Amino acid sequence: MAQTAGEWVAAHAEQPPAALRARLDSILVRREDPAFAAEAVSDALVREGHTLLATILGTGSTQRDAALDLLTADALLTYAFEAAADDPETLDARASAAMRAMSALVKSHTR
């Protein structure tokens, strides 16, 4: 059976501070159902990072109260690239696609 994003993070990532770990878990536990298990771990983490970033940008929050969500989005995307490194042949394409998507997301919220 394929490893889910939550399982990958638990097995591979250094344990972050408790508050960040709890926020990561709250996001990743929603994605543990079988429909998401077939998705590549790196793709799932990128998607969740982008979703969280879109939420942050959509609220326009740049204050201290958004710090945990910003750190969580950063952690999701960092873990996504760590997971993608497990398959080096696809790393360049995954990184390029993720950066294009993030750039488009930021542009769509800064107009």
Side-chain angles (χ1 to χ4, degrees):
M1 185 164 113
Q3 194 174 40
T4 65
E7 292 167 342
W8 188 95
V9 169
H12 291 88
E14 286 189 33
Q15 291 305 304
L20 178 56
R21 181 67 210 200
R23 185 67 176 112
L24 284 165
D25 288 345
S26 74
I27 291 169
L28 295 176
V29 75
R30 294 182 303 211
R31 300 297 181 216
E32 298 303 304
D33 66 55
F36 291 96
E39 183 177 29
V41 168
S42 59
D43 293 339
L45 292 168
V46 165
R47 182 179 31 77
E48 292 304 319
H50 284 179
T51 298
L52 184 54
L53 185 57
T55 300
I56 295 164
L57 292 170
T59 64
S61 180
T62 58
Q63 302 303 313
R64 187 175 215 159
D65 61 340
L68 181 57
D69 281 341
L70 287 168
L71 287 171
T72 303
D74 176 69
L76 288 164
L77 294 167
T78 299
Y79 293 150
F81 289 111
E82 287 181 29
D86 290 343
D87 186 5
E89 292 178 9
T90 65
L91 183 57
D92 187 48
R94 287 179 190 275
S96 294
M99 292 307 295
R100 281 191 307 276
M102 190 178 308
S103 178
L105 177 65
V106 170
K107 285 180 184 177
S108 72
H109 285 87
T110 57
R111 293 182 181 177

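Quick caveat, the model's predicted, so the values are computed rather than measured.
Annotation: the span from Thr59 atom OG1 to Asp69 atom CG amounts to 8.5 Å, rounded to 0.5 Å. Note that CG of Leu52 is 9.0 Å distant from CG of Leu77, once rounded to the nearest 0.5 Å.
Val9 is not listed as a side-chain neighbour of Glu82, based on a closest heavy-atom distance of 4.5 Å or more. Using a 4.5 Å heavy-atom cutoff, the side chains of Val46 and Arg94 are not in contact. Inter-residue side-chain proximity for Leu45 and Thr78 is flagged as unmet; no heavy-atom pair is nearer than 4.5 Å. For the pair Leu76 and Arg47, the minimum side-chain heavy-atom distance is 4.5 Å or more.
Scanning both residues, Leu24 and Tyr79, for their nearest heavy atoms gives CD1-CE1, 3.8 Å. Considering every non-hydrogen atom in both Phe81 and Ala95, the closest pair reads CE2-CA, 3.4 Å. Between Ala5 and Ala44, the shortest heavy-atom distance links the atoms CB-CB, 4.1 Å. Nearest heavy atom pair, residue Ala101 against residue His50, reads CB-CE1, 3.4 Å.
When hydrophobic clusters are built by joining Ile, Leu, Val, Met, Phe, Trp and Tyr residues whose side-chain heavy atoms come closer than 4.5 Å, directly or via intermediates, Leu20 is grouped together with Leu70. No chain of hydrophobic side-chain contacts below 4.5 Å, direct or via other Ile, Leu, Val, Met, Phe, Trp or Tyr residues, connects Leu53 to Met99.
A donor-acceptor pair under 3.5 Å is formed between the side chain of Ser26 and the backbone N or O of Arg23. When atom types are taken as modelled, the side chain of Ser108 and the backbone of Leu105 share a donor-acceptor pair closer than 3.5 angstrom.
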